[in-house]
Enquirer: 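Dropping a structure here in structure tokens format, bear with me for questions.
When reading the values below, keep in mind they use all heavy atoms of this one structure, side chains included, and skip hydrogens, waters and symmetry mates. First the proteins, then the strands, lettered A, B, ... as listed; each starts at 1.
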There are 2 protein chains.
Amino acid sequence: MNDRKLKLADLAKLAGVSTSTVSRALNDNPLIKKETREKLQQLAKKHNFSLNTAASRLRTQKTNVVAVIINLDGDTEQSINDPFLLKIVGEINLALNKFGLELLLSNSFMASDDWANYFINSRRADGIIVVGQGKSQANIEAAANAGVPLVVWGDPKTPSSYPIVGSDNYLGGRLATEHLLANGAKNILFLGDPGHAEIGERHRGYLDAISEAKATPHVVSIDITSSAAYKGINQLLVEKGLCFDGIMACSDMVAFGAMKALKERYISIPTDVALVGFDDIAMADISHPSLSSIKQNTQRASVILVEKLLAQLAGQSVESQVVEIELVNRQSSQR
Amino acid sequence: MNDRKLKLADLAKLAGVSTSTVSRALNDNPLIKKETREKLQQLAKKHNFSLNTAASRLRTQKTNVVAVIINLDGDTEQSINDPFLLKIVGEINLALNKFGLELLLSNSFMASDDWANYFINSRRADGIIVVGQGKSQANIEAAANAGVPLVVWGDPKTPSSYPIVGSDNYLGGRLATEHLLANGAKNILFLGDPGHAEIGERHRGYLDAISEAKATPHVVSIDITSSAAYKGINQLLVEKGLCFDGIMACSDMVAFGAMKALKERYISIPTDVALVGFDDIAMADISHPSLSSIKQNTQRASVILVEKLLAQLAGQSVESQVVEIELVNRQSSQR
DNA sequence: CTGAAAGCGCTAACAT
DNA sequence: ATGTTAGCGCTTTCAG
């Protein structure tokens, strides 16, 4: 790093071979004899040499970079506060690294209308992973139809011209609700915004489970934030009193907001109200009472997302895919 | 995006001017007459044209990319679970975007010994922002001395040859402790690992406040995770009973772990034990009781980090800088 | 104010 | 198994 930056040609001169040989050796091209290759790789390491990615990207027309876009309807609240996002982004990064790809992070470009163009046409990235479907899929659809290689973390059952990888939200909603019913809850609230794609599916699962149990559904539609949940439950309690004995929350953060409202009024969890969240963030285990939740397999989903993106880049056609979910049974729903 | 990718030369031909004119126009070079410039910019937009960043990076030897490295001693637990990290990374991204820079995220390369080389020598990024000092600063120091442009989010009072931006951790520790004392706590525990740079400073602040109050310090040294805190407090209670009436936790997540242990034993917060955390994550406001905490100004710190990196890239010498902190007073410490 | 032309550092046909 | 060489698409000196 101290000596003026070496280039491939310098290294070639040092080794007394041609630039193509060095290039091939460093790229593990099998055309190069093993011992030559190893010798050159050692020389490179010794001189602290790295290929200039700008040059090789220009030449190969590939970046090995994937842009990850956090897509949250300008709902900055959630974007900044939900730990679940970090979990996903972290897992995606790991998955990308595994395939030799790098992660260009963006949480602000979704706003502009030609975000896809921005990343792809400018050769900033080879493909895009969109995290979250948001409320409207129109712009994603448009980008996909324009030929932008992209995959989406979201609800895989949504009809789309691009692959969506995510949990079986319907099943999650159903399992959570059935679990509450099995634990004796009769009047179960759904807490969340069904207008949001993934949450809409959770809501459907909830509705079906409720209807099978011949119970009455009740939706408290709120923004996907703790504070909205807190306010929503508070208001309901003020207006109608304790008219429910179970809550299926659309996310753990939302569940915590509800929990706070309940605790402040000394409504016991799970005795008076049983509660299940969604996401299984770290806090679910550490809250008191601990929060039962639907665990999403973010690690597996991330690997699949990357694999699908790569397949797409290789020209294959790819389908949406569901990853399994699991109910994690903790104190908040146990009675 | 449908027609084969245009290049600068194509656009120049379309407009009947030279490539240099187009290049200058798109880069807002004042040399170009205003009307020519606007005409060309419109043409570019109309044809959905973007400059090929690989080519321009190769030519200019600048990437306008900053690598952000999450540095956490391979302590994956915290890395994946602490919402505070997301907050910082999000803010840094915003700050970078403000300056026309992009964020290359890395949470796994710190492990390799030549991470700095990897990003800088290969021209993947112009500079590096390291988030967190971790337990050892040796490798950061080495990279900085080798001339890698880098800034660190950490404790600004740590002696270093690179600029560190972060909160006044000493003051934070002191304020939190003084606050607990003012609320009547006599036996205040410090919960966290003082071997960690930033936490060490918080600990020093704690010690000074304790000693001024002629109280007795007591450190429970644990990993910076909720579960370690939970176990630590549990064990202490088992072995010595309720031998304390206040806890200064090194982070909010750690505070929540402690809270859980206390609640499970029906020890009242804040009546029996008053509690203050650090970071002021969203959950602090939504927990019950809500958690008093030292709020770090991550937004301001992020902007400063980016400014300092830019100054460094411009060849100026830059110093570490402290950003203000603030005690947010909530229920957990109120009596 | 605009144009011509060189060259950033690499890779991959093509040649041997 | 290795070398020669053209060229990826842009920016910028130099010339006008």
Enquirer: For A:Leu11 and C:dT11, what is the distance between atoms CG and C1' respectively, to the nearest whole Å?
Expert: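 To the nearest whole Å, that distance equals 15 Å.
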Enquirer: Tell me, for nucleotides 9-16 of chain D in 5' to 3' order, what letter each nucleotide earns: B for a base near a protein heavy atom under 4.0 Å, S for only sugar-phosphate near one, - for neither?
Expert: BBBBB---
Enquirer: Roughly how many Å is it from CG in A:Leu26 to P in C:dA12, rounded to a whole number?
Expert: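 So the CG-P distance, A:Leu26 to C:dA12, works out to 13 Å.
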Enquirer: Please report, rounded to the nearest Å, how far the C1' atom of C:dA12 is from the CG atom of A:Asn29.
Expert: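 To the nearest whole Å, that distance equals 10 Å.
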Enquirer: Charged N to carboxylate O below 4.0 Å: is that the case for B:Arg300 and B:Glu91?
Expert: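 Between B:Glu91 and B:Arg300 there is no salt bridge, as every charged N stays at least 4.0 Å from the carboxylate O atoms.
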Enquirer: Return yes if a side-chain donor-acceptor contact under 3.5 Å exists between A:Thr21 and A:Ser18, otherwise no.
Expert: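 Note: A:Thr21 and A:Ser18 side chains meet the donor-acceptor criterion.
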Enquirer: I'd like to know if the side chain of B:Asp126 reaches the main chain of B:Thr63, judged simply by a donor and an acceptor atom lying under 3.5 Å from each other, with no hydrogens or angles considered.
Expert: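 Yes.
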Enquirer: Could you tell me the separation between the CD atom of A:Glu198 and the CD1 atom of A:Ile164, rounded to the nearest 0.5 Å?
Expert: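 Rounded to the nearest 0.5 Å, the CD-CD1 separation comes to 8.5 Å.
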Enquirer: What residue among A:Pro163, A:Ser320, A:Pro149 forms side-chain contact (heavy atoms from CB on, under 4.5 Å) with A:Lys308?
Expert: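 Option passing the side-chain contact (heavy atoms from CB on, under 4.5 Å) with A:Lys308: A:Pro163.
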Enquirer: Starting at CG of B:Leu31 and ending at C1' of C:dG3, how long is that distance when rounded to a whole Å?
Expert: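 Checked: the CG to C1' distance equals 12 Å.
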Enquirer: Please give, in whole Å, the distance from D:dT2 C1' to A:Glu35 CD?
Expert: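 It is 13 Å, rounded to the nearest whole Å.
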Enquirer: Under a 3.5 Å threshold, yes or no: a donor from one side chain and an acceptor from the other, between A:Ser160 and A:Thr158?
Expert: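 A:Ser160 vs A:Thr158: no donor-acceptor pair found between side chains.
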